There are 2 protein chains.
Amino acid sequence: MTGRPENAHQARLLRLLRDKGGRPRAELGDVVGLSRSRLFVELDRLVGCGLVERAAPAASRGGRRSGVVRLSTRLRFAGIDIGATSIDVAVTNAELEILGHVSAPCDVREGPDVVLGRALAMAEKLRGEGLFDELHGVGIGVPGPVGFRDGVPIVPPLMPGWDRFPVREVVGRQLGCPGLVDNDVNIMALGELHAGSARSVHDVLLVKLGTGVGCGILIDGEIYRGASGSAGDIGHVRVDDDGPLCVCGNTGCLEAYFGGAALARDATAAARSGRSPYLAERLDQGPALTAADVAAAAAAGDAAAIRLVREGGRRVGQVLAGVISFFNPGLVVIAGGVARLGHPLLAEIRAVVYQRSAPLATGNLPIVLSELGDTAGVIGATRLISDRVFSAS
Amino acid sequence: MTGRPENAHQARLLRLLRDKGGRPRAELGDVVGLSRSRLFVELDRLVGCGLVERAAPAASRGGRRSGVVRLSTRLRFAGIDIGATSIDVAVTNAELEILGHVSAPCDVREGPDVVLGRALAMAEKLRGEGLFDELHGVGIGVPGPVGFRDGVPIVPPLMPGWDRFPVREVVGRQLGCPGLVDNDVNIMALGELHAGSARSVHDVLLVKLGTGVGCGILIDGEIYRGASGSAGDIGHVRVDDDGPLCVCGNTGCLEAYFGGAALARDATAAARSGRSPYLAERLDQGPALTAADVAAAAAAGDAAAIRLVREGGRRVGQVLAGVISFFNPGLVVIAGGVARLGHPLLAEIRAVVYQRSAPLATGNLPIVLSELGDTAGVIGATRLISDRVFSAS
DNA sequence: CGGACTTTGTCATCTCACTAGAAAAAGTCC
DNA sequence: GGACTTTTTCTAGTGAGATGACAAAGTCCG
């Protein structure tokens with residue numbers, strides 16, 4: 001019935017239709033560099049195997065109206081973003097537009113059986129809503145290093161019990177479609193590439209400031225994973241000789257200074273010690289403090305909160321300055337829960353980076369906040385698997 | 001007469017013959033995945049245009065002896081490595097084996113006219129020795145950032161007067177062959193990839209500790225240059241909040257602590273202050289102190305020299321630890337003049353990196369010294385241009 | 001309404017890269 | 001000298017892909 005592209009042309013056509021939407025057939029020829037006759041043959045085959053369908057013809061441009069083709073509206077991709085403290089599951093159409101999205105808090109430390117069970121239950125809920133017309137693939141992000149080829153986490157520090165657990169196999173079998181697993185930071189980067197701040201940029205750095213601190217690397221629009229799949233691990237770069245003890249065992253790591261847990265810890269301390277009346281009031285009102293609270297406090301002029309943002313931004317900036325000098329990206333995107341600190345944080349990061357990085361590397365380097373926020377992960381996950389499904393062989 | 005490959009098959013064949021040497025024709029088919037008949041057609045064309053020639057047939061393996069083909073022995077490539085304080089020019093055959101090599105001290109700050117004039121005179125000397133049979137290309141390395149597409153240096157800090165000077169055009173026209181210009185660190189990395197420590201490794205970091213400190217990045221065997229061509233600039237990463245003033249205007253840069261100039265400065269200070277009797281004696285004997293002197297002093301047990309090596313290695317290791325966590329290379333090669341400090345330096349770097357980098361990234365990460373030493377640059381330069389010449393279109 | 005013009009879709013034909021397989025050539029081994 | 005192997009050459013066939021003629025379906029204008 002529905003199949004996979006048979007050759008590179010078909011793969012290119014599918015990705016083009018995914019990224020640019022439905023198109024008149026006659027236009028496509030120029031874009032992919034094929035003659036009409038050949039192009040129509042390939043398109044007919046794609047229609048034949050159910051991946052592409054014909055839509056109502058476009059308005060005339062002075063001659064015969066052109067037949068429009070688009071990706072089949074029945075195609076679906078699923079994205080599962082497993083964070084340290086939450087699960088997001090979404091279903092998209094072939095153009096990776098979200099049709100359904102559910103989110104739930106969940107501690108990844110409960111282990112793969114519990115967490116994946118919950119994620120799959122969320123997916124089944126979406127299936128129950130009739131959203132799984134023809135599921136062609138599922139992308140999965142997990143908060144730790146991944147052996148990409150096998151689709152298994154590899155000694156993930158934040159995920160006890162997940163080491164070498166066959167995530168791809170379990171999820172793929174359960175949903176009955178091909179799957180791919182990658183680090184959550186990498187898929188967020190893909191998400192921003194597909195639909196967010198990083199559209200049409202080649203070399204991108206996505207810096208995630210969340211429970212963990214890490215960074216996704218895109219080179220020529222593709223994830224760079226490094227020799228053993230752990231590339232982008234900047235959370236444990238030293239920012240000071242002495243400093244708080246980190247989960248990794250070293251001291252002075254960026255994550256121990258300014259990860260989500262560190263920020264909550266410092267904010268709570270500021271509230272309790274009386275240095276921050278604003279945060280103290282918040283703390284009394286209810287749940288534990290988060291980055292959003294610190295952001296509100298800073299916006300309200302709370303001195304202690306402003307200082308937290310400043311110092312955190314400075315330390316992130318120090319690490320980024322080195323990374324940017326080394327990698328010379330075309331764009332840096334700041335994402336993750338701590339990025340809710342917003343523009344004050346961004347301003348501090350920019351100041352340090354522009355001062356300390358090589359001038360050539362920062363000459364026209366935008367440093368921006370994530371556009372997609374919480375949906376970057378799931379969108380990126382579907383992009384990951386759709387890149388694979390829409391590729392030849 | 002002699003031309004360029006017409007298609008991707010021919011390009012692959014040429015690179016294969018370059019990297020693995022001459023081969024029986026029958027063997028080649030399996031390697032490039034072509035049928036015999038097709039392969040022989042392409043080979044005949046390459047022979048026809050003078051790039052490939054037939055050699056004496058190989059010994060029989062139980063049947064008819066196979067005809068051997070190899071790259072034409074008349075083909076030549078030239079490599080020009082312009083360092084901060086020296087020029088190296090070499091000519092190689094098509095397999096990038098050095099046939100002639102001349103080296104001369106030269107201060108790059110004398111400007112492009114003087115320096116390139118000298119380099120071209122050195123090349124003409126090699127031509128005079130009959131080494132330019134059929135020059136097919138010249139690769140050029142310069143000690144600063146390069147706009148690769150245009151072949152011009154771009155605001156190079158160590159090279160006043162070179163900004164946007166048309167190096168590729170001038171050298172290419174003078175030698176009458178295509179040319180390519182790149183950063184000297186990048187071409188050193190290519191050199192180690194081709195014939196040195198980095199053979200058959202995909203993701204490589206070449207760290208050059210010389211007058212400048214920088215690093216060449218190879219991803220899948222190709223140079224990664226970044227969005228604006230300045231990738232790998234780790235010389236100006238901050239290692240301490242305060243520290244010596246650097247040429248870049250900031251303080252605490254790695255290069256200001258442990259570049260060639262810094263090491264000479266510190267060694268001389270140690271000699272003059274009496275902390276190092278060994279270095280003081282050397283200094284009296286003649287020319288200014290270099291890394292080789294410090295290495296000898298350390299080997300002789302001179303405490304001050306050992307301390308210089310230790311502290312330098314520690315600082316390099318600190319920066320590398322961050323870079324390695326981020327980039328997760330499969331190999332790190334230490335090169336440049338300061339690398340003459342040898343294994344004591346290496347030991348210190350390794351200790352810091354293995355302690356501070358992400359365990360997954362260092363799990364099986366070799367950190368080694370350059371195999372090629374002073375010839376890495378010129379070999380890499382010829383590799384750069386031969387990659388271009390041996391590629392289709 | 002009907003021609004002039006334009007754009008899209010279809011079809012037959014031609015070229016060329018490439019494979020497969022037969023047959024010839026050049027060896028070795030007994 | 002024959003049996004067997006390996007390389008080389010040659011021929012025919014397949015399929016991707018381009019090209020260009022022609023039909024189909026529009027618009028525009030008198």
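Just so we're clear, the structure is a prediction, and the values are computed from it rather than from any experiment.
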**Study point:** Partner set under salt bridge (charged side-chain N to carboxylate O under 4.0 Å, His left out) for R70(A), not counting sequence neighbours
**Key:** E53(A)

Revision key, fill the gap. Applied to residues 6-17 of chain B, the side-chain hydrogen bond (donor to acceptor under 3.5 Å, both in side chains) test, sequence neighbours excluded, yields E6(B)-Q10(B), N7(B)-E42(B), Q10(B)-E42(B)

Practice item. Using a cut-off of strictly less than 4.0 Å between a heavy atom of the residue and any atom of DNA chain C, enumerate the qualifying residues of residues 16-35 of chain A by number. Key: R25(A), A26(A)

Point to revise | Atom pair CD1 (I98(B)) and CG (L372(B)), whose distance is rounded to the nearest 0.5 Å | key: 8.5 Å

Review point. Between N93(B) and T73(B), is a side chain to side chain donor-acceptor pair (under 3.5 Å) present by the stated rule, with each step listed?
Key: CA-CA 7 Å; N93(B) 59 14; T73(B) 50; over 6 Å; no

Exercise for review: Sequence neighbours left out, what passes side-chain contact (heavy atoms from CB on, under 4.5 Å) with S35(B)? Give chain and number order.
Suggested key: S37(B), R38(B)

Review point. Looking at residues at least two apart in the chain, or sitting in another chain, which of them share a side-chain contact (heavy atoms from CB on, under 4.5 Å) with E371(A)?
Key: E192(A), S197(A), R199(A)

Review point. Just the endpoints, please: which first and last nucleotides of DNA chain C, 5' to 3', lie under 4.0 Å from a heavy atom of chain A?
Key: dT6(C) to dC11(C)

Review point. Listed by chain and number, what are the ring-ring contact (aromatic ring centres under 6.0 Å, His included) partners of F40(B), not counting sequence neighbours?
Key: none

Review point. Considering residues at least two apart in sequence or located in another chain, which fulfil the side chain to side chain donor-acceptor pair (under 3.5 Å) criterion with T375(A)?
Key: none

Practice item. Strictly below 4.0 Å, heavy-atom distances to any atom of DNA chain D: list the hits from residues 5-14 of chain B, or just say none. Key: none

Review point. Cationic tip of R76(B) within the cone over F132(B)'s six-membered ring, i.e. under 6.0 Å and within 45° of the normal?
Key: no

Review point. Which ring pair (Phe, Tyr, Trp, His ring centres under 6.0 Å) pairs, counting each pair once, include a residue from residues 45-74 of chain A, with sequence neighbours left out?
Key: none

Practice item. Check DNA chain D against residues 57-68 of chain A and give the residues with a non-hydrogen atom under 4.0 Å, in numerical order. Key: S60(A), G62(A), G63(A), R64(A), R65(A)

Review point. For dC30(C), which nucleotide is its Watson-Crick or G-U wobble mate, given both distances must be under 3.5 Å?
Key: dG1(D)

**Study point:** Ring geometry between H136(A) and F77(A) (parallel below 30°, tilted from 30 to 60°, perpendicular above 60°)
**Key:** perpendicular

Check your understanding: Got a sec, which residues hit salt bridge (charged side-chain N to carboxylate O under 4.0 Å, His left out) with D387(A), two or more places apart in sequence or on another chain?
Key -> R18(A), R383(A)

Exercise for review: Could you state the atom-to-atom distance from CG of L39(B) to P of dT8(D) in whole Å?
Suggested key: 10 Å

Point to revise | Y224(A) side chain to I219(B) backbone, donor-acceptor under 3.5 Å | key: no

